[in-house]
*Asks:* 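I am attaching a structure below and will ask some questions about it afterwards.
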Amino acid sequence: MQDEQRMEEQKRVDRMMRLIREQLGKLLQTSSGMREDIVDIRKNFWDDVTLNFEDAAESAESAASLKQQAEVLAEREHSHRHAVQQVKLLRKLEQTPYFGRVDFIEEGTSEEEQIYLGIGSMLDESGSNYLVYDWRAPVSSLYYDYSPGPAKYVTPSGSITGEMTLKRQYVIRRGQIISMFDTGVTIGDELLQEVLGKQSDAQMKSIVATIQREQNQIIRNERARLLIVQGAAGSGKTSAALQRVAYLLYRYRGSLQADQIVLFSPNPMFNSYVATVLPELGEQNMQQTTYQQYLEHRIGQSFALEDPFAQMEYTLGSMDDPDYETRIASIRHKSGASFMKVVENYVETLGESGLLFKSIKFRGRKLITAEAIEQHFYSLARTYTIPNRLKMVAEWLLKELTRLSKEERKKQWVEDEMELLDKEEYIHAFNELRRKERYTSDSFDDFGREKDMLATMIVQERFKRLRSRVKKLRFVDTQTLYRRLYEKEQASWFVEDRRSDWEAIRRLTLEQLNRGVLTYEDATPYLYMKDLVEGFQMNTSVRHLFIDEAQDYSPFQFHYMKRVFPMAKMTALGDLNQSIFAHAALGNGFDPLGDLYSKDETETIVLTRSYRSTKQIVEFTSKMIEGGSRIVPFNRDGDEPTITAAADEDELHALIAGRIRLLQEEGANSIAVICKTAEESRTAFEALEAGCPGMRLIEKETVTFENGTVVIPSYLAKGVEFDAVILYNASSRVYKQESERKLFYTACTRAMHELHVYYLSEPTPFLSQALAKK
């Protein structure tokens, strides 16, 4: 780049910095004044409001005065929030005002427009010309989607075509251009090298400066009802998804709020890892949860609920269990969409007979028997759905409780409790009677009325819990209903799903249910049955549903989520080569998702280029999996992965501890010792922690991701990256099942810069090609 051009670009940056600092100073002064106004209005709110309720006219005037003062306060608060957001944006622009530029000549004109892109928009002094465009603006897609030459971008009013004459990229830090270069590709390798060559951080970072064309297709997709993203490890799936959230909030900023977007992430620690991306882009975080947290919220009080990691521990470490094959078959059977039909057929039979109820008990007595509830339910017209009939039963039960509460007031226990009431409760009863004008000084029956009032209060308070349970349909015995599903060898609800191993599956399931345990594979079928009976608890406010690590979800779970979030568009991101759960053998990849929506509503984007790891690590790991040759490594060189044998466990621990110290001396921010299971992780941690001060053990309860040296089970490392990864024990004894190949691959692909594999005795066969090369 010629010195003259660089000087001109630096002059523009200097002008930007002056303007940013001027605007920042004015905004800080303005926002400070607004804050003082808000505090003053809140402090003197009632002094400035005229309240008079003597007649209707005065009451109306008081209401208008109150409304006016509230509107003034709301307007000041809104202006202050906007000013604070602008201050945050300007502080970011002060660090890096922009990262890209395109020169564009619109068709039909001869004028060349210079378009600069940054993390947010900025206008000049007049407020009419853009100095920087937000990366999410329609015109900004030119930068991500085209090289110099014919180009177009889409606006809400139509497509704009023309010619791009220049595409330039910058690295600017604190007002100084560190480097800049013109490029003919989507995003220049120089900028990517600069970003990817850095060490990892405790939080995922924004990638707006390095978004690739295929990632931009994900970010700006507005048409698909279901967007499936199949991406290789390190291809930027999750990063693109988070930028997509930011884009949607920008694109639909008048009608879409952050709390109308939900991200289902793989584990609580991952939520911490991605928590800063959207605030960095000036947006609020969407709702984040895990599927397990959703299950706990819905049914955690009914059963001891197994989580997916406990299921994973079982499938990885319990091969000697005599019921192991039956459990695996059970997981796969209950995860398929066909099992939804089994549950539906079962619930359909309950419309005629078999629905189970619980008696409503009070103080050890049955107020309303289960038989009476059942009789009333089946006396209702069969034309009503089961959920509607249950609502009618609930209304009947509430009326019955009102009638029974009147009878209950005469019982001796009420008199006994009345004697134990404190002074405040007596005063409350007196005030209630006076409020209802039933307390007169010349009445000889005041004591009787007071007694009736106290009895009513006592009974109503004790019946409150019963009423609440009735309103929540707790009188339906859903736990026993689900158990009944498995009590017949081959019941009528099995139409096309008769299995030779059903007897073994139902036996094992009944044993678990009788212990009060609901396995992870049973949780969604149970919840589906419960919702079919009681009525779906649909969330119609959510407009976008993001599912990360989508390959870990079963077809049954996907269909269920579609029912729960009926108004939401779904973005499913995953890598079939990282399918590590037992149900992964179902279907062909993401094909089962094709049943969720029509072909016209579904789009699939495949990302084959891997950016996370060095070229050497990508080439090493891609040999472990089928189709690995299709993964394209980004051209970033590094050290070759190492494979080291240890004679025994003592030598293994000594070698790993020595490697950790060497990596720390070289300046690695994050080092992960990845083990297969939680049990192996605890063993490794106990052996290594004395020689590696500050080392942390990551468990499924861990909720924050921090830099440093960690020991972590393979399945919890998904979605996260580390400067260096050490595979704890890649022996054939540990990784021996073919079903564990993808788990091993997933663990290895967490490495950004260095990968070191250790093993005892014989290495896993998954390393055979790498060892042959050596």
*Asks:* Where does the angle between the aromatic ring planes of Phe339 and Phe556 fall among parallel (under 30°), tilted (30 to 60°) and perpendicular (over 60°)?
*Replies:* tilted
*Asks:* Evaluate the side-chain proximity of Leu532 to Glu344: yes if any heavy-atom separation is below 4.5 Å, no if none is.
*Replies:* yes
*Asks:* Quick one: ring pair (Phe, Tyr, Trp, His ring centres under 6.0 Å) partners of Phe558, sequence neighbours excluded?
*Replies:* Tyr553
*Asks:* Are the side chains of Tyr735 and Asn729 in contact, using a 4.5 Å heavy-atom criterion?
*Replies:* no
*Asks:* In plain terms, say whether Lys410 and Glu407 are close enough for a salt bridge, that is, a side-chain N and a carboxylate O under 4.0 Å apart.
*Replies:* no
*Asks:* Under the rule for salt bridge (Lys or Arg N to Asp or Glu O under 4.0 Å), what residues qualify as partners of Lys676, not counting sequence neighbours?
*Replies:* Glu740
*Asks:* Any pair with a residue in residues 255-269 that passes side chain to side chain donor-acceptor pair (under 3.5 Å), sequence neighbours left out, goes on the list, sorted by first then second residue, please.
*Replies:* Ser265-Asn271
*Asks:* If a pair satisfies side chain to side chain donor-acceptor pair (under 3.5 Å) and one of its residues is in residues 566-575, list it, with sequence neighbours excluded.
*Replies:* Gln230-Asp575, Arg244-Thr571, Asp575-Gln578
*Asks:* Could you list the residues that satisfy salt bridge (Lys or Arg N to Asp or Glu O under 4.0 Å) with Glu534, not counting sequence neighbours?
*Replies:* Lys530
*Asks:* Among residues at least two apart in sequence or on other chains, which ones pass salt bridge (Lys or Arg N to Asp or Glu O under 4.0 Å) with Glu701?
*Replies:* none
*Asks:* Only counting residues at least two apart or in another chain, list the ones meeting salt bridge (Lys or Arg N to Asp or Glu O under 4.0 Å) with Arg298.
*Replies:* Asp531
*Asks:* What pairs with Asn514 under side-chain contact (heavy atoms from CB on, under 4.5 Å), at least two apart in sequence or on another chain?
*Replies:* Arg483, Leu510
*Asks:* Applying side-chain contact (heavy atoms from CB on, under 4.5 Å), can you list everything that pairs with Ile625, at least two apart in sequence or on another chain?
*Replies:* Asn577, Ile631, Tyr745
*Asks:* With side chains defined as the heavy atoms from C-beta onward, is the minimum distance between Asp595 and His559 less than 4.5 Å?
*Replies:* yes
*Asks:* Determine which pairs satisfy side chain to side chain donor-acceptor pair (under 3.5 Å) with at least one residue from residues 515-524, sequence neighbours left out, and list them in order.
*Replies:* Tyr291-Thr524, Gln311-Glu521, Arg327-Glu521, Lys334-Asp522, Tyr482-Asp522, Tyr486-Asp522, Thr519-Glu521, Thr519-Asp522, Tyr520-Gln557
*Asks:* Cationic tip of Arg389 within the cone over Tyr384's six-membered ring, i.e. under 6.0 Å and within 45° of the normal?
*Replies:* no
*Asks:* Using a strict 4.0 Å threshold on nitrogen-to-oxygen distance, state whether Glu679 and Arg682 make a salt bridge.
*Replies:* no
*Asks:* Supply the atom-to-atom distance Arg467 CZ to Lys464 NZ, rounded to the nearest 0.5 angstrom.
*Replies:* 11.0 Å
*Asks:* Heavy-atom distance under 4.5 Å between the side chains of Leu367 and Leu466, does that happen here?
*Replies:* yes
*Asks:* Who are the side-chain contact (heavy atoms from CB on, under 4.5 Å) partners of Pro713, not counting sequence neighbours?
*Replies:* Ala678, Ser681, Tyr715, Leu716
*Asks:* Of all residues at least two apart in sequence or in a different chain, which pass the side-chain hydrogen bond (donor to acceptor under 3.5 Å, both in side chains) check with Glu511?
*Replies:* Arg507
*Asks:* Given salt bridge (charged side-chain N to carboxylate O under 4.0 Å, His left out), test Lys718 with Asp552 step by step and report yes or no.
*Replies:* CA-CA 11 Å; Lys718 292 187 67 171; Asp552 293 344; 2.7 Å; yes
